[in-house]
Amino acid sequence: MLVYPAGADLSTSALRFLATELAARHREQGTRWRRLPAGRQALLVLAYLRCGHTYAQLAAGFGIGTSTAYRYVAEAVDVLASLAPTLTETVKVASTKAFVILDGTLLPIDGIATDRPFYSRKHKKHGMNVQVIADPHGRLLWASPALPGAVHDIKAARTHGIIDALEAVGVECWADKGYRGAGGTVRVPYWGRWEKLSAGQRAVNRSHAKIRALVEQAMATLKTWRLLRKLRCSTTRITSHVQAVLTLHLACSN
């Protein structure tokens, strides 16, 4: 395999943050020797998450075995996922905002016809449903655990307890028509054909759409981590990968 220098569009703060957390984990475990020190392991993991490189590519680039690359990535992902904010913590932050925006996204996975629970009819592909909460400026606040792609957005929101949590603190939540009937503080556009809506309802829907469009910035934040554009890992590990990305984003944007 040919090896060549490459770069990742991340700040050094991400590298320092992850290296510090890994070094602390190594001290807790009493690890005396590793093929890669904490800084190099952190760089390997960032290349995996940001660039979506395979374990074989990472192993060749860092001069280690493929199984070692897998172990190092799995360890770091678990460390990051454990630091991700909970919904309760996020709602406390959301209570200081004028409102929040809720939307769902599908993270594509490799799937076959028999994987029906993971097939989204809306997107016509296999994937995992992740709910995203953004602030009024479109900044990512929280990403939910992943559910099979066949799960509808409103069911996913109820499963995670998002609607009840936001209602408990009285935070207004803007969402699309997929959350119709959610209740609580969730606000959705008027339902019906455009030509059958009144002039006032059309104006409300236009304003609603402009506000909801801001959540696309939060979605783009997730998708800039190329690993999430096409997940090849086990579906049981996808939640930890999403939480790891969330932790890195929040740690480096604050």
Side-chain angles (χ1 to χ4, degrees), residues 18 45-46 48-55 70 73-91 94 100-134 138-166 173 175-176 178-179 182 186 215-251:
L18 181 51
V45 174
L46 292 177
Y48 170 78
L49 294 173
R50 190 70 171 188
C51 305
H53 294 322
T54 65
Y55 294 121
Y70 172 83
V73 168
E75 177 187 40
V77 166
D78 288 341
V79 168
L80 291 171
S82 67
L83 299 173
T86 64
L87 178 59
T88 301
E89 294 169 341
T90 301
V91 168
V100 295
I101 311 170
L102 173 65
D103 202 0
T105 186
L106 187 81
L107 302 181
I109 63 172
D110 291 324
I112 57 178
T114 56
D115 294 333
R116 294 184 61 184
F118 302 99
Y119 184 76
S120 170
R121 292 185 179 181
K122 175 182 177 181
H123 298 89
K124 308 299 182 184
K125 63 178 68 174
H126 293 81
M128 300 294 286
N129 181 306
V130 172
Q131 299 293 297
V132 171
I133 296 178
R139 293 186 291 253
L140 178 64
L141 294 179
W142 186 73
S144 74
L147 293 175
V151 177
H152 195 274
D153 282 340
I154 188 171
K155 182 178 180 180
R158 286 172 174 163
T159 299
H160 298 309
I162 299 172
I163 299 170
D164 292 338
L166 293 174
C173 176
D176 61 24
Y179 298 87
V186 177
V215 78
E216 295 303 324
Q217 297 179 32
M219 298 298 187
T221 296
L222 284 178
K223 299 300 176 66
T224 54
W225 299 81
R226 296 177 183 84
L227 177 77
L228 301 184
R229 297 180 189 176
K230 186 67 173 182
L231 288 155
R232 302 180 183 87
C233 61
S234 168
T235 54
T236 61
R237 294 283 299 166
I238 291 178
T239 290
S240 60
H241 282 71
V242 173
Q243 299 300 308
V245 167
L246 176 63
T247 298
L248 284 169
H249 168 72
L250 295 177

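Position 1 is the first residue of the sequence, and the numbers go up from there. Below, all heavy atoms of this structure are taken into account, side chains as well, without hydrogens, waters or symmetry copies.
Within the 4.5 Å cutoff, side-chain heavy atoms of Pro85 are placed close to those of Leu246. Ile238 places none of its side-chain heavy atoms less than 4.5 Å from the side chain of Val130. Between Leu166 and Val186, the closest side-chain pair of non-hydrogen atoms is not below 4.5 Å.
Qualifying side chain to side chain contact (heavy atoms under 4.5 Å, CB included) partners for Ser120, counting only residues two or more places apart in sequence or in other chains: Leu106, Lys122, His123. Scored by the side chain to side chain contact (heavy atoms under 4.5 Å, CB included) test, Glu216 finds Asp103, Met219 as partners (sequence neighbours excluded). With sequence neighbours left out, the side chain to side chain contact (heavy atoms under 4.5 Å, CB included) criterion links His249 to Leu140, Thr221, Ser253. Partners of Leu87 by side chain to side chain contact (heavy atoms under 4.5 Å, CB included), not counting sequence neighbours, listed by chain and number: Val91, Ile133, Trp142, Ile162, Ala165. Shown here are the side-chain hydrogen bond (donor to acceptor under 3.5 Å, both in side chains) partners of Thr235, two or more places apart in sequence or in another chain: there are none. For Thr88, there are no side-chain hydrogen bond (donor to acceptor under 3.5 Å, both in side chains) partners at least two apart in sequence or on another chain. By the side-chain hydrogen bond (donor to acceptor under 3.5 Å, both in side chains) test, Thr54 pairs with Gln57, sequence neighbours left out. Residues meeting the salt bridge (charged side-chain N to carboxylate O under 4.0 Å, His left out) test with Asp78, sequence neighbours left out: Arg237. Scored by the ring-ring contact (aromatic ring centres under 6.0 Å, His included) test, Tyr179 finds no partners at all (sequence neighbours excluded). The salt bridge (charged side-chain N to carboxylate O under 4.0 Å, His left out) test applied to Glu75 returns Arg34, not counting sequence neighbours.
Residue Ile109 holds its CD1 atom at 8.0 Å from NZ of Lys230, rounded to the nearest 0.5 Å. Atoms OH and SG, on Tyr70 and Cys233 in that order, are 9.0 Å from each other to the nearest 0.5 Å. If you take CG on Leu80 and CG on Leu250, they are separated by 11.5 Å, rounding to the nearest 0.5 Å. The structure places CG of Asn129 at 12.0 Å from CZ of Phe118, a figure rounded to the nearest 0.5 Å. With rounding to the nearest 0.5 Å, the separation of CG in Leu227 from CG in Leu222 is 11.5 Å.
Here the closest non-hydrogen pair linking Gln243 and Ala84 is OE1-CB, 3.2 Å. Residue Thr236 comes nearest to Ser234 through the heavy atom pair OG1-OG, 2.9 Å, listed as atom of the first residue, atom of the second, then distance. The shortest non-hydrogen separation linking Lys223 to Leu228 is CD-O, 4.4 Å. Ser240 approaches Val77 most closely through the heavy-atom pair O-CG1, 3.6 Å. Residue Leu141 comes nearest to Ala134 through the heavy atom pair CD1-C, 4.0 Å, listed as atom of the first residue, atom of the second, then distance. In terms of heavy atoms, Pro148 sits closest to Pro117 at CB-O, 3.0 Å.
In terms of modelled atom types and a separation under 3.5 Å, the side chain of Thr247 and the main chain of Ala81 share no donor-acceptor contact. The backbone N or O of Ile154 sits nowhere less than 3.5 Å from a side-chain atom of Gln131 that would complete a donor-acceptor pair.
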Determine whether His160 and Leu147 satisfy the following criterion, side chain to side chain contact (heavy atoms under 4.5 Å, CB included), listing intermediate values before the conclusion.
CA-CA 10 Å; His160 298 309; Leu147 293 175; 3.6 Å; yes
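For the ring-ring contact (aromatic ring centres under 6.0 Å, His included) condition, the pairs that include at least one residue of residues 216-243, sequence neighbours left out, are Tyr48-His241. Listed by first and then second residue, the salt bridge (charged side-chain N to carboxylate O under 4.0 Å, His left out) pairs involving residues 138-163 are Asp135-Arg139 (not counting sequence neighbours).
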